[in-house]
Amino acid sequence: MQRHTLVEQFVHDQAKVPGATGELSRLLSRLSLAGRMIAMEIMRAGFVGRLGLTGDKNVQDEEVRALDVLSNDIFIRVFETVDTVSSIASEEMSDVYYYSGERTGKYVLVFDPLDGSSNVDANGAMGSIFSIHRRCTDGPRATLADFLQPGSEQVAAGYILYGPATMFVYTSGGPVNGFTLDRAIGEFFLTHPGMRIPEGTGSYAVNEANEAKWDERTRAMVQRFRLGQTACGKRSARYVGALVADFHRTLVQGGIYMYPGEAKRKNGKLRLLYEGAPLAMVARQAGGHATDGERPILEVEPAELHQRTPLYIGSRADVEEATRLLRG
Ligand code: AHM
Ligand code: MG
């Protein structure tokens, strides 16, 4: 029997929501288009001279790669004609991006167009992460307030993983479903229905080279995972350095991914709105959990677009244990 396509799944999900207009399905299917376009660009990057840095820095003073810019442009273009998205925001743009004219659509979209892009030159995995909120204001166009909603208010969230296979993984508040791209025909098919994060297995993932920057509690907590002194016992370490790839492995095999706060960067490196919150929604809907070391990520009230957050995400028991150890 042939599997569901991604678009069939959207229609199926939508049929369960009374009064649904199909706008969310359209938005999600446009995201899958952006994903297919970016996957193609990544495959071709080495041939067409798109590896490496542009020489510019983004709003967060990070070096920008050619593929970061291209991926961001793809997202902008793909939503140009999708009025249901009132406006968009992204890791690569300092402020909310407004399309010309009035856009009263009911959704706002925030994304990291190419996460883990430092892997590009090494032909490593990367991803795009997205989060969709229903607007909480009703003016002629969205405002910053529409973006600064807690993760618990997300309507849908997910990611596209550009690995050996391209995958689209999302939830719209129900199960987490994973789709794999059949490159020959450009279609995503449901390969991972109802994903659940396993408990009691898997690896721990953290950049241990940052140990000197952590406080004593963080150091002691990570050491317990390293030495197999947590409830789950001996673990292996894994770290791709691309959040989507590290998270996807954690979703499939269990365990925990961590990016702690540091002495000079107390909220760590990752961003709340387009990295932490969307993945936290996926984790929750798959039975897992995510915290910032104190609070559930989904409960954090954002104060700014590019707010950073420490992140502990994965199997519920592991995340709860790490959070307990951090609290002391
Ligand atoms: P980016 O959004 O600029 O690509 O940065 C985020 C990435 C994550 O994908 C990854 O988990 C993390 O940065 C790796 O950081 P580090 O190299 O400090 O371990
Ligand atoms: Mg990122």
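Both counts, for ligands and for their atoms, begin at 1 and track the order of listing. Everything quoted here is computed from the prediction, not taken from an experiment.
- Glu63 CD: 12 or fewer foreign heavy atoms inside a 6.0 Å radius.
- Counting only protein N, O or S atoms closer than 2.8 Å to the Mg ion (ligand 2) gives 4.
- Met167 and Ile74 are assigned to two separate hydrophobic clusters, defined by single-linkage of ILVMFWY side chains at heavy-atom distances under 4.5 Å.
- Inspection of the Thr104 and Glu102 side chains reveals no N or O donor paired with an N or O acceptor under 3.5 Å.
- Residues forming a ring pair (Phe, Tyr, Trp, His ring centres under 6.0 Å) with Tyr312 (at least two apart in sequence, or on another chain): none.
- For Arg65 and Asp68, the salt-bridge test fails: no basic side-chain N is under 4.0 Å from an acidic carboxylate O.
- Counting non-hydrogen atoms of neighbouring residues, nucleotides and ligands closer than 6.0 angstrom, the CE atom of Met43 exceeds 12 such neighbours.
- Phe168 and Phe179 have perpendicular rings, their planes meeting at more than 60° on a 0 to 90° scale where under 30° would count as parallel.
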Could you list the donor-acceptor pairs under 3.5 angstrom formed by side chains in residues 10-17, with sequence neighbours left out?
{"residue": "Asp13", "atom": "OD1", "partner": "Gln9", "partner atom": "NE2", "Å": "3.1"}
{"residue": "Asp13", "atom": "OD2", "partner": "Tyr170", "partner atom": "OH", "Å": "2.6"}
{"residue": "Gln14", "atom": "OE1", "partner": "Ser25", "partner atom": "OG", "Å": "2.5"}

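- Both Val176 and Tyr159 are assigned to one and the same hydrophobic cluster, defined by single-linkage of ILVMFWY side chains at heavy-atom distances under 4.5 Å.
- For ligand 1, the protein residues within 4.0 angstrom (heavy atoms only) are Glu62, Glu91, Asp112, Asp115, Gly116, Ser117, Asn207, Tyr239, Gly241, Ala242, Leu243, Tyr257, Tyr259, Lys269, Leu270, Arg271, Glu275.
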